[in-house]
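Worksheet: the structure to be examined is printed underneath.
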Number of protein chains: 2
Amino acid sequence: MSLPHAILTALLEKPSSGLELTRRFDKSIGFFWSATHQQIYRELGKLEQSGLIEAIPQPPSRGQRKEYKVLPAGRTALLDWVGQEQDPKGVREPLLLRLRAAAVVGAPGLQGELQRHLALHEQQLTEYLEIEQKDFPAERAAEENRLQHLVLRAGIGLETFWIQWLTEALTGLPDPARS
Amino acid sequence: MSLPHAILTALLEKPSSGLELTRRFDKSIGFFWSATHQQIYRELGKLEQSGLIEAIPQPPSRGQRKEYKVLPAGRTALLDWVGQEQDPKGVREPLLLRLRAAAVVGAPGLQGELQRHLALHEQQLTEYLEIEQKDFPAERAAEENRLQHLVLRAGIGLETFWIQWLTEALTGLPDPARS
DNA sequence: ATTTACATGTAAGGGGTTACATGATTTG
DNA sequence: CAAATCATGTAACCCCTTACATGTAAAT
């Protein structure tokens, strides 16, 4: 039940249409909870039906922009959700599965795949670091947006971990394959 | 499409029945790809229909143990899958979402939740470290099961990261709430 | 007028989660 | 034989993914 609350958060930060939300997800919340526009439209419909959000009155026709804002009930629902106990869900990373499978059936081409992942993680880390420089400059070690910064630091930490792990993995198996 | 391949890997390591697989998942593969017995039974059925695994002949009645082994076609399918390019999927961590939401609607009780998560991650790390000591002792810095060890090291690294991040987060907000 | 970009949706299928159902085997 | 345990399975629901469909507005 995370997506609806992600949407509520985004709408509280700024009322938006479905497409706007999709774009904002692509470059902020989506970093740790991605969603496609299909998911978002469906969820907006549900949230509206539940009385948690409201569409700003418009001639409702297809292909016509429809902007939503959060109702008081929506804010309450979000606050409830934030306060709930939720256990962290375990890792779910196919690459680790594939390594384990490779230990059994062999792994031609795995080295290349690891290098590809390494490059992708380095790219993501760079993106995060740029955002950090832009949004959280050292001067105002803000109390205001400390939480947002913390979230970004989680992303940075995770990418850093993967880069380190992949590097270690690659220095270990310098032979291209073993079928 | 990860679960079937996780099962193929497990069955190659050792032919098993559905319930055995469920238990083995709970304490090894399941650390980075969990599955319930319902999922496993359904998937075993599909794999058998596809001709990738085979049940060792038994009077097939309900409630009767049924052991599966991997067929050559299954091994091939797994090898194919290991060789495919698959992009890493982004993080999907509700706790980060909740922090972000807390930045908007406030966060009574969030500190307690962070401490709870910290304890859970410390517990998981301990479990991983025990497995490492038992299965990968320093003496034989094995080439044989290097890949398995690497996978475990990923788990260790991830838990370590979360512990560090949560600790940092908690030292920052020593006030119990702010609604 | 046609194309392009914007914007909102529908449909189908896969996978995961939870609750429940049923048969076999062991134990008291 | 009654209860507990082992073992396999069904059903319903929800979420995510992918591909496609439809309508509006602006540009050429």
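Within every chain, numbering begins at 1; the chains are lettered A, B, ... in the order of the sequence lines, protein sequences first and strands thereafter.
Among the nucleotides C:dT17, C:dC20, C:dT8, the one closest to any side-chain atom of A:Arg92 is C:dT17. In the set D:dT8, C:dG16, C:dT8, the nucleotide with an atom closest to the side chain of B:Leu3 is C:dG16. Comparing D:dA19, D:dC16, D:dT8 against the side chain of A:Gln38 picks out D:dA19 as the nearest. Taking the side chain of B:Tyr68 as heavy atoms from C-beta on, and the options D:dG9, D:dA7, C:dG9, the nearest nucleotide is D:dG9. The A:Met1 side chain lies nearest to D:dC15 when the options are D:dC15, D:dT17, C:dT17. Ranking D:dC16, C:dT18, C:dG9 by closeness to the A:Trp33 side chain, first place goes to D:dC16. Side chain of A:Leu19, nearest nucleotide from C:dA7, D:dG9, C:dG15: C:dA7. Each of C:dA7, D:dC15, D:dC20 was ranked by its minimum atom distance to the side chain of A:Arg23; first place goes to C:dA7.
A:Arg23 and A:Glu20 are not joined by a salt bridge, as no carboxylate oxygen comes within less than 4.0 angstrom of a charged side-chain nitrogen. The pair B:Lys27-B:Glu127 does not count as a salt bridge, with every side-chain nitrogen at least 4.0 angstrom from each carboxylate oxygen.
Distance B:Tyr41 OH to C:dA19 P: 19 Å, rounded to the nearest Å. The distance from atom CZ of A:Arg65 to atom P of C:dT8 is 7 Å, rounded to the nearest whole Å. The CG-P distance, from A:Leu44 to C:dG9, rounds to 8 Å in whole Å. One atom, CD of B:Gln39, and another, P of D:dG9, lie 16 Å apart when rounded to the nearest Å. Going from atom CD of B:Glu67 over to atom C1' of D:dT8 covers 15 Å, rounded to whole Å. Rounding to whole angstrom units, CZ of residue B:Phe25 and P of C:dT17 are separated by 13 Å. Following rounding to the nearest Å, B:Asp26 (CG) and D:dC6 (P) show an atom-to-atom distance of 14 Å. Across the protein-nucleic acid pair, B:His5 atom NE2 and C:dG14 atom P stand 14 Å apart, rounded to whole Å.
Of all non-hydrogen atoms in B:His117 and B:Leu95, the two that sit nearest each other are ND1-CD2, 3.6 Å. In terms of heavy atoms, B:Gly157 sits closest to A:Phe161 at CA-CE1, 3.4 Å.
Side-chain N/O atoms of B:Lys46 include one lying less than 4.0 angstrom from OP1 or OP2 on C:dG15. Side-chain nitrogen and oxygen atoms of A:Thr36 include none within less than 4.0 Å of the OP1 or OP2 phosphate oxygen of D:dT18. When the side-chain nitrogen and oxygen atoms of A:Lys89 are compared with OP1 and OP2 of C:dT17, one or more of them lie within a distance under 4.0 Å. Put simply, A:Gln64 has no side-chain N or O that comes within less than 4.0 Å of OP1 or OP2 on C:dT8.
Distance check: A:Leu96 CG to B:Leu147 CG gives 11.5 Å after rounding to the nearest 0.5 Å.
Each of A:Arg100, A:Arg92, A:Glu93 was scored for a side chain to side chain contact (heavy atoms under 4.5 Å, CB included) with B:Trp33, with one residue passing: A:Arg92.
Under 3.5 Å, the side chain of B:Arg42 and the base of C:dT17 form at least one donor-acceptor pair of N or O atoms.
Checking B:His37 against B:Glu43, the closest nucleotide of DNA chain C that is more toward the 5' end is the one next to B:Glu43.
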